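Data block below; observations after.
Keep in mind that what you see is a predicted model, and the values were worked out from it rather than measured.
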Amino acid sequence: MTATDPPPYDAIVLAGGAARRLGGADKPSVRVGGRPLLDRVLAACARARRTVVVATPRPTSRPVHWTREDPPGGGPVAALDAGLRHTTADRAVVLSADLPFLEEATVQRLLAALHTTGADGALLTDADGRDQPLVAAYRTTALRHALSALAEANGDGLTGLPLRRLTAALNLTRVPDPLASFDCDTWDDIADARARIREHGHVLDEWISAVKDELGIDLEVDTHLLLDVARDAAHGVARPAAPLTTFLVGYAAAQGKGGPEAVAEAARKAAALALRWAEEANAPEQSAPEQSASEQPAPADPAPGAPAAEDPAPGPGR
């Protein structure tokens with residue numbers, strides 16, 4: 001780690017809300033872009049040293065540590081306190097489980113803001129400028145002190161307390177991001193998120209992320225490079241060659257070093273081969289040059305004992 005890199009962090013994901021505006025549906029399991037909302041959030045904080053999910057355990061795309069507030073359903077402050085008890089890093093990213101557009105880059109921006117400003121926390125603000133304390137990075141020491149003071153002042157613990165009671169005691173810096181802070185509270189929000197990921201310019205990135213998550217691979221994919229290979233194979237060979245070629249490029253890369261460089265090298269070779277095929281198909285046909293009379297082969301001498309060729313019968317004028 002260099003002096004400019006954010007320190008290691010843990011992640012706390014709150015996924016145990018009642019989702020009343022979704023009719024009590026299990027919101028973290030609702031799918032957007034083919035993936036549960038919870039898995040989308042877990043992908044964004046995949047570099048966390050430890051990830052604690054405060055909810056009833058369920059299948060997830062990667063291993064996490066499960067816990068619950070006591071009693072269950074005690075609200076976000078109680079859930080945050082329960083998750084914090086299982087962290088050891090000096091920084092913690094705190095996230096809700098209903099953020100369809102959260103990406104790792106946003107998490108890193110929050111950690112960088114926390115690291116450079118010296119604040120107790122760095123949180124996103126939404127399109128209306130409102131604080132989003134469940135899309136934030138905090139110093140765990142400051143969080144523990146604030147939670148302890150809040151529990152002591154309340155007398156009845158942390159159950160049912162609003163998050164603003166906690167954040168009011170912290171020195172916070174803010175990072176505007178209307179897209180990453182978009183959360184899904186209603187079915188209209190879910191429909192909006194599903195429509196937005198299919199917009200041109202977003203759908204390929206969303207699809208690649210979903211496939212990598214489904215296959216359990218972590219590889220930076222140069223989408224433009226692979227699309228170029230597919231185009232060259234389709235135009236230079238035949239349309240069905242496009243998906244087959246990209247598969248073989250991936251297989252060849254896996255047989256080698258398996259990283260982005262191996263993919264790029266295999267793609268370069270496949271593209272060059274496709275272009276050679278295209279050049280051959282488009283080259284003009286070449287016929288053998290005609291021979292002059294002087295270059296015509298002389299007739300062969302008759303074999304010994306064979307009758308000489310008869311002179312042609314005389315015709316008119318002979």
Under the side chain to side chain contact (heavy atoms under 4.5 Å, CB included) test, residues paired with [X] that sit two or more places apart:
| X | value |
| --- | --- |
| Ala79 | Leu14, Val54, Glu69 |
| Ala151 | Leu158 |
| Ala168 | none |

Residue pair [X] / [Y], side-chain heavy-atom distance below 4.5 Å:
| X | Y | answer |
| --- | --- | --- |
| Leu95 | Val135 | yes |
| Leu163 | Leu134 | yes |
| Asp39 | Thr60 | yes |
| Thr87 | Tyr9 | no |
| Leu84 | Arg144 | yes |
| Gln132 | Thr125 | no |
| Pro162 | Val77 | no |
| Asn171 | Thr117 | no |

Rounded to the nearest 0.5 Å, how far apart are [atom1] of [X] and [atom2] of [Y]?
| X | Y | atom1 | atom2 | answer |
| --- | --- | --- | --- | --- |
| Arg85 | Ile12 | CZ | CD1 | 11.5 Å |
| Asp131 | Arg174 | CG | CZ | 4.0 Å |
| Asp120 | Thr173 | CG | OG1 | 11.0 Å |
| Gln108 | Cys45 | CD | SG | 10.5 Å |

Does any N or O in the side chain of [X] come within less than 3.5 Å of the main-chain N or O of [Y], such that one atom is a donor and the other an acceptor?
| X | Y | answer |
| --- | --- | --- |
| Thr140 | Asp90 | yes |
| Arg194 | Arg31 | yes |
| Thr116 | Ala112 | yes |
| Asp126 | Asp128 | yes |

*Using a distance-only test with no angle check, is there a side-chain donor-acceptor pair under 3.5 angstrom linking Asp98 and Ser96?*
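Their side chains do contain a donor-acceptor pair, which is all the 3.5 Å distance test asks for.
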*Pairs involving residues 42-65, ordered by first then second residue, that meet ring pair (Phe, Tyr, Trp, His ring centres under 6.0 Å) (sequence neighbours left out)*: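 Output for this query lists His65-His86.
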Quiz: residues 242-253 side-chain donor-acceptor pairs under 3.5 angstrom, not counting sequence neighbours:
residue: Thr245; atom: OG1; partner: Ala241; partner atom: O; Å: 2.5
residue: Thr246; atom: OG1; partner: Ala242; partner atom: O; Å: 3.3
residue: Thr246; atom: OG1; partner: Pro243; partner atom: O; Å: 2.9

Does a side-chain N-to-carboxylate-O contact under 4.0 Å join [X] and [Y]?
| X | Y | answer |
| --- | --- | --- |
| Arg91 | Asp10 | no |
| Arg109 | Asp177 | yes |
| Arg58 | Asp26 | yes |

Residues two or more places apart in sequence or in another chain: which of them pass salt bridge (Lys or Arg N to Asp or Glu O under 4.0 Å) with [X]?
| X | value |
| --- | --- |
| Asp185 | Arg21, Lys27 |
| Arg62 | none |
| Arg68 | none |
| Arg239 | none |

[X] and [Y]: which non-hydrogen atoms are nearest, and at how many Å?
| X | Y | value |
| --- | --- | --- |
| Cys184 | Asp189 | CA-CB, 3.7 Å |
| Arg165 | Leu161 | NH1-CD2, 3.8 Å |
| Leu114 | Ala119 | CD1-O, 3.3 Å |
| Arg40 | Gly33 | NH1-CA, 4.1 Å |
| Leu38 | Ala15 | CD1-CB, 4.4 Å |
| Asp232 | Ala271 | OD2-CB, 3.7 Å |

*Starting from the C-alpha separation in whole Å, work towards a yes-or-no answer on side chain to side chain contact (heavy atoms under 4.5 Å, CB included) for Arg139 and Leu143.*
CA-CA 6 Å; Arg139 298 183 190 276; Leu143 266 186; over 6 Å; no
*Is the CZ atom of Arg231 crowded by more than 12 outside heavy atoms at less than 6.0 Å?*
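For Arg231, atom CZ is crowded (more than 12 foreign heavy atoms under 6.0 Å).
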Do [X] and [Y] land in one hydrophobic cluster if side-chain heavy atoms of ILVMFWY residues count as linked below 4.5 Å?
| X | Y | answer |
| --- | --- | --- |
| Val52 | Trp66 | no |
| Val93 | Val41 | yes |
| Leu150 | Val94 | yes |
| Leu166 | Leu110 | no |
| Leu170 | Leu111 | no |

*Hydrophobic cluster of Phe101, others only, ordered by chain and residue number, side-chain cut-off 4.5 Å*: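 Result for Phe101 is Leu22, Val30, Val32, Leu37, Leu179, Phe182, Trp187, Ile190, Ile197.
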*Which pairs with one or both residues in residues 268-279 pass side-chain hydrogen bond (donor to acceptor under 3.5 Å, both in side chains), sequence neighbours excluded?*
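Found Glu265-Arg268.
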*Partner residues of His235 under the ring pair (Phe, Tyr, Trp, His ring centres under 6.0 Å) criterion, sequence neighbours left out*: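 In terms of ring pair (Phe, Tyr, Trp, His ring centres under 6.0 Å), with neighbours along the sequence ignored, His235 is linked to no residue.
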